[in-house]
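Keep in mind that what you see is a predicted model, and the values were worked out from it rather than measured.
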Amino acid sequence: MKSILRTILLVVLCAGVAFGAAAQNAARKKVAVYMTGSDVDKAYKRVLGSKLVGALTESGEYAAVERTAEFLEALESETDYQTSGEVRDSQIARLGQRYGVRYVVVADVTELFDEYFVAARMINVETGLVERTYDASGPAESMAQLVALSQSVANGLIGRSGRQASASASTPKHLALCATDGNGRTVYITAAEWENMTDGQKIGYTKKGICLLENGEGFLVMMRDVPGGYMDWYAACRNNAPTKWQAEIIVKNKDSLNDALRFFGGVPFESTWYWTNESYISSRAWDVDMGNGYVSNYFKTNTYRVRAVAPVPVSSAM
């Protein structure tokens, strides 16, 4: 008799646990992730989307919809997707209701200067309204970086980002714009951050240069050549020409640096010779050809172009 009672109690207990788990799962909001971005490899988008779903479900607030694959296939069969590769939010909401989705996260991925910029919005399928938006950027050269980027977006969408604009802006970043704001504070602005600013916001910054970082050391490259055109080595030194090491770093990053200069409103290097501030011998000094990257030396009385550099400022944006 006792064994029968124990069996009954065990069955009831297991059923209660199963019911509780089912009820808890049912209480979680069903979510699906739709990745867009025509200039990004499909494999990257697929992995980012998968990791983003995982990060959202790990929060305990959301559960992945069981028919995610069918839902995404239905999105891609929409007329707008067939013609433009994108789907309107109203179409997403309508299809979401059909497949039992409560929220759809639309994440648009763009590649900028060796980083991925993810702009995400969370659509409430029942109302068709965008309830939350968040964006994040970062490298994606490894699985760990992909996971970190997707986690950052997920945390931002559910209000757990902990992001402080002043803290991120205070850190020197490779190929970021170094500028001062209206209060005289030094900040570092990435391409993704600059792209999201209005023209009115951009006017409030005074540009100082593009930040180059190499092995923990950094310097600023000015936005354009020193005025006056070609000059001899002695004038180049008076106008803050780079060291030989700095010139080699500039050459190494020439293409991405020129892209950054154009993007932030500067002037790219010309395909010609530029002075460094270092002597080779008493009558000759080091120079570099920004066209082919060749480092050489020539007479100090010769005239070349000069692009000034400056130390990385200690940021005051805290």
Counting N and O atoms only, with roles assigned by atom type, does the side chain of [X] sit under 3.5 Å from a partner on the main chain of [Y], one being a donor and the other an acceptor?
{"X": "Thr276", "Y": "Trp286", "value": "yes"}
{"X": "Trp275", "Y": "Ala285", "value": "no"}
{"X": "Arg284", "Y": "Asn297", "value": "yes"}

Taking distance alone, no hydrogens or angles, what donor-acceptor pairs closer than 3.5 Å link side-chain atoms of residues 265-274 to residues at least two apart or in another chain?
residue	atom	partner	partner atom	Å
Tyr274	OH	Asp225	OD1	3.3
Tyr274	OH	Asp225	OD2	2.8
Tyr274	OH	Glu270	N	3.0

Tyr205 vs Leu177, test: side chain to side chain contact (heavy atoms under 4.5 Å, CB included). Steps then yes/no. CA-CA 10 Å; Tyr205 292 96; Leu177 173 68; 5.8 Å; no
Evaluate the side chain to side chain contact (heavy atoms under 4.5 Å, CB included) criterion for residues Asn253 and His174: first the C-alpha distance (whole Å), next the side-chain angles of each, then the deciding distance (0.1 Å), finally the verdict. CA-CA 10 Å; Asn253 294 275; His174 187 58; 3.3 Å; yes
Which pairs with one or both residues in residues 201-216 pass salt bridge (Lys or Arg N to Asp or Glu O under 4.0 Å), sequence neighbours excluded?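 Every salt bridge (Lys or Arg N to Asp or Glu O under 4.0 Å) pair that includes a residue of residues 201-216, provided the two are not neighbours, is Glu214-Lys252.
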With a 4.5 Å cut-off on side-chain heavy atoms, are [Y] and [X] touching?
{"X": "Met290", "Y": "Ile250", "answer": "yes"}
{"X": "Tyr294", "Y": "Val288", "answer": "no"}
{"X": "Ser296", "Y": "Asp289", "answer": "no"}
{"X": "Val221", "Y": "Pro242", "answer": "no"}
{"X": "Met35", "Y": "Val106", "answer": "no"}
{"X": "Glu61", "Y": "Tyr103", "answer": "no"}
{"X": "Pro313", "Y": "Tyr188", "answer": "yes"}
{"X": "Leu56", "Y": "Val33", "answer": "yes"}

Could I get the full list of ring-ring contact (aromatic ring centres under 6.0 Å, His included) partners for Tyr298, not counting sequence neighbours?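 Expected list: none.
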Could you list the residues that satisfy ring-ring contact (aromatic ring centres under 6.0 Å, His included) with Tyr116, not counting sequence neighbours?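 ring-ring contact (aromatic ring centres under 6.0 Å, His included) list for Tyr116, sorted by chain: Tyr44.
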Value rounded to 0.5 Å, distance of [atom1] in [X] from [atom2] in [Y]:
{"X": "Asn124", "Y": "Lys29", "atom1": "CG", "atom2": "NZ", "result": "9.5 Å"}
{"X": "Asp232", "Y": "Tyr304", "atom1": "CG", "atom2": "OH", "result": "12.0 Å"}
{"X": "Arg262", "Y": "Leu257", "atom1": "CZ", "atom2": "CG", "result": "9.5 Å"}
{"X": "Arg305", "Y": "Asp287", "atom1": "CZ", "atom2": "CG", "result": "14.5 Å"}
{"X": "Ile210", "Y": "Phe263", "atom1": "CD1", "atom2": "CZ", "result": "10.0 Å"}
{"X": "Lys300", "Y": "Tyr280", "atom1": "NZ", "atom2": "OH", "result": "12.5 Å"}

Sequence neighbours excluded, which residues qualify as salt bridge (Lys or Arg N to Asp or Glu O under 4.0 Å) partners of Arg224?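 By the salt bridge (Lys or Arg N to Asp or Glu O under 4.0 Å) rule, Arg224 matches no residue at all.
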Lys244: which residues meet the salt bridge (Lys or Arg N to Asp or Glu O under 4.0 Å) condition with it, sequence neighbours left out?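 Applying salt bridge (Lys or Arg N to Asp or Glu O under 4.0 Å) to Lys244 gives Glu248.
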Would you say OH of Tyr234 has more than 12 non-hydrogen atoms from neighbouring residues, nucleotides or ligands within 6.0 angstrom?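 Yes, because the 6.0 Å sphere around OH of Tyr234 holds more than 12 heavy atoms from other groups.
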Which is it for Leu261 and Arg307 under the side chain to side chain contact (heavy atoms under 4.5 Å, CB included) test, yes or no, and what are the steps along the way? CA-CA 12 Å; Leu261 285 164; Arg307 179 69 61 113; 3.7 Å; yes
Can you name the closest pair of heavy atoms from [X] and [Y] and give their distance?
{"X": "Thr186", "Y": "Cys178", "result": "CG2-SG, 3.8 Å"}
{"X": "Ala260", "Y": "Leu175", "result": "CB-O, 4.1 Å"}
{"X": "Leu52", "Y": "Ala107", "result": "CD2-CB, 4.2 Å"}

Could you go step by step and tell me if Ile189 and Met197 meet the side chain to side chain contact (heavy atoms under 4.5 Å, CB included) rule? CA-CA 10 Å; Ile189 307 170; Met197 290 183 186; 3.8 Å; yes
